[in-house]
Amino acid sequence: MKHSFTSDKVSGVLVGAACGDALGAGYEFGPSLKPGSPVSMRGQGAFEPGEWTDDSAQMVALAMATAKGLNLQTEEGQDAVAANLLDWYYSPARLKDIGIHTATVMRQVATVTGPGLAKRFRETAASKEANAPRSSGGNGALMRTAPIALAYLDDPAGLVQAAKDIALLTHSDEISASACAVWCLAIREAVSFERIESLEHFAKSVVASVVAHMPKEADFWAEVLTDAYGRDPREFTAGNGYSLTTLKAAWAAITSTPIPSTSAKHFADALEESVRGGGDADTVACVAGGLLGAMWGLSAIPTSWRRRIFGWPEMTDRDLVRLALDSYAGTRNPDAWPNVAAMGYRGWSGVDAIAVHPHDDGVLLGGFDLASGRLASPMRIDAVVSLCRTGHRDLEHLGLPASSRVEVRIIDVPGSNAHTEHTLLDAAATVAELRSEGKNVLLHCVASQSRTPTVAALYAREHLGIDATTALATVCDALPAAN
């Protein structure tokens, strides 16, 4: 299961889901859009641009339990998930949006006291279904299920059971519960692929996993996945508020979108297509985004989307990365990234590097001392693009909003990045985007010797019209230690 890009893929799951949710929020219950129609994080109604909805909020509630290493097959683990869901339900965020079915179950649970919160959830959900048969097939459980895949990557049998158990807390419906297990197996399969070269090969592997780990339901779900493979997601717009149709729509969007020559771009291409399907666009895209994040990793997710997402409970993309990695590890290590407050780069050589970009005096190039405030800046800093890991308090002294603190992880060891060229170009584009917003930008890594000069030169070439030879030479002149 583990390979060199596992961390990147795990990190991409929750962020990918939240990006899909926030992207689709501006198009929820709208009509289908033509292929290639522009899609943006425009927000809608109570949701601001980039804000995730109840879909990701409930996913976060689940992830807060898996990040603690709780076993979701036990009452303790299920009670924790149920308590987190109620915390969200009692918060102002719930007033912005909540599914009709989920609202009914939670409202009834909230009026009953006594021990065994998960048991009360299950009994309430089952009672609702008994009183109104076939009313529990909505996609409210499917949209939140992704963290379970991360917690049970090495235990497919436990994954299937946990996915079903957590779904049944609110949705007393066998197909809804099984859909969650199928999607979690798909995420698990995506993480296990070091590089996905063929959608057909990947799809066959997902079907094989379902057959192996859900044998009693294998025929049904193999037919569902095979039938939806490669189809236009617009074929599933009608009724895509239901779990089965949501799964088909998300699977269709992913498998009908060709992998381009730059494979990382499949993430954005397929996610946008899932939104264009219309209908319950935010949920379809949330579900698709979780799997796409597992397929291509955090490094494939456009930074222009990542830097904008936020939502209950006052979290951003960095928090989702933390929850994902902690869910995978089964514990929280406060001394390791991304939980650590401050990175320990003291004593490293070159951390005091500083220079103004030779072709843009609104871009400052430097090492970690400049970013962390141990070295005074010669100009006002309005935004930071970090090309190395930072602690969650390292940049606090700048007082910048989360959308102006961007971390693009680039490892300066050949073969260590999942999408090297894509990631470098995305980092350069992020500098350009922040500059277009009128911000002075600090571009830094640890010692400004490799990553910073590379991205600075790319920024000059791609966005300032400087030829490559001149761009690289002038940046290296400004940073004499560049290598």
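Residue indices begin at 1 and follow the sequence shown.
Side-chain atoms of Lys9 come within 3.5 Å of backbone N or O of Met295 as a donor-acceptor pair. When atom types are taken as modelled, the side chain of Asp8 and the backbone of Phe5 share no donor-acceptor pair closer than 3.5 angstrom. One N or O on the side chain of Trp183 and one on the backbone of Val287 form a donor-acceptor pair closer than 3.5 Å.
Proximity of Asp282 to Asp280: side-chain heavy atoms (C-beta onward) are separated by under 4.5 Å at one or more points.
Using a 4.0 Å cut-off between charged nitrogen and carboxylate oxygen, Glu28 and Lys96 do not count as a salt-bridge pair. With respect to the salt-bridge test (charged N to carboxylate O, under 4.0 angstrom), the residues Arg122 and Glu75 qualify. Under the 4.0 Å criterion applied to side-chain N and carboxylate O atoms, Arg308 and Glu51 are not assigned as salt-bridge partners.
Residue Arg144 is tested with Thr283, Thr170, Asp55 for a side chain to side chain donor-acceptor pair (under 3.5 Å); the sole match is Thr170. Each of Ser349, Ser386, Cys388 was checked for a side chain to side chain contact (heavy atoms under 4.5 Å, CB included) with Val446, and the lone residue meeting it is Cys388.
The shortest non-hydrogen separation linking Arg188 to Leu153 is NE-O, 2.7 Å.
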So Asp382 and Lys439, salt bridge (Lys or Arg N to Asp or Glu O under 4.0 Å) or not? Walk me through it. CA-CA 5 Å; Asp382 305 311; Lys439 296 179 171 67; over 6 Å; no

Start with the C-alpha distance between Glu407 and Arg306, add both sets of side-chain angles, then the distance that settles salt bridge (Lys or Arg N to Asp or Glu O under 4.0 Å), and finish with yes or no. CA-CA 10 Å; Glu407 188 171 308; Arg306 285 202 295 117; over 6 Å; no

Run the numbers on Ser56 and Asp21 for side-chain hydrogen bond (donor to acceptor under 3.5 Å, both in side chains), then give the verdict. CA-CA 7 Å; Ser56 297; Asp21 184 10; 2.8 Å; yes

Start with the C-alpha gap between Lys265 and Glu272, add the side-chain angles, then the distance that decides, and say whether salt bridge (Lys or Arg N to Asp or Glu O under 4.0 Å) holds. CA-CA 11 Å; Lys265 292 183 178 179; Glu272 289 177 343; over 6 Å; no

Show which side-chain atoms of residues 104-111 pair as donor or acceptor with protein atoms under 3.5 Å away, not counting sequence neighbours.
residue : atom : partner : partner atom : Å
Thr104  : OG1  : Ile100  : O            : 2.9
Thr111  : OG1  : Gln108  : O            : 2.7

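For the pair Arg346 and Phe368, the cation does not sit on the ring face, since its NZ or CZ is not both under 6.0 Å from the ring centre and inside 45° of the axis.
Taken from CG in Leu425 to OG1 in Thr262, the straight-line distance is 8.5 Å, to the nearest 0.5 Å.
In terms of the salt bridge (charged side-chain N to carboxylate O under 4.0 Å, His left out) criterion, Asp269 has no residue partners (sequence neighbours excluded). With sequence neighbours left out, the salt bridge (charged side-chain N to carboxylate O under 4.0 Å, His left out) criterion links Asp360 to Arg435.
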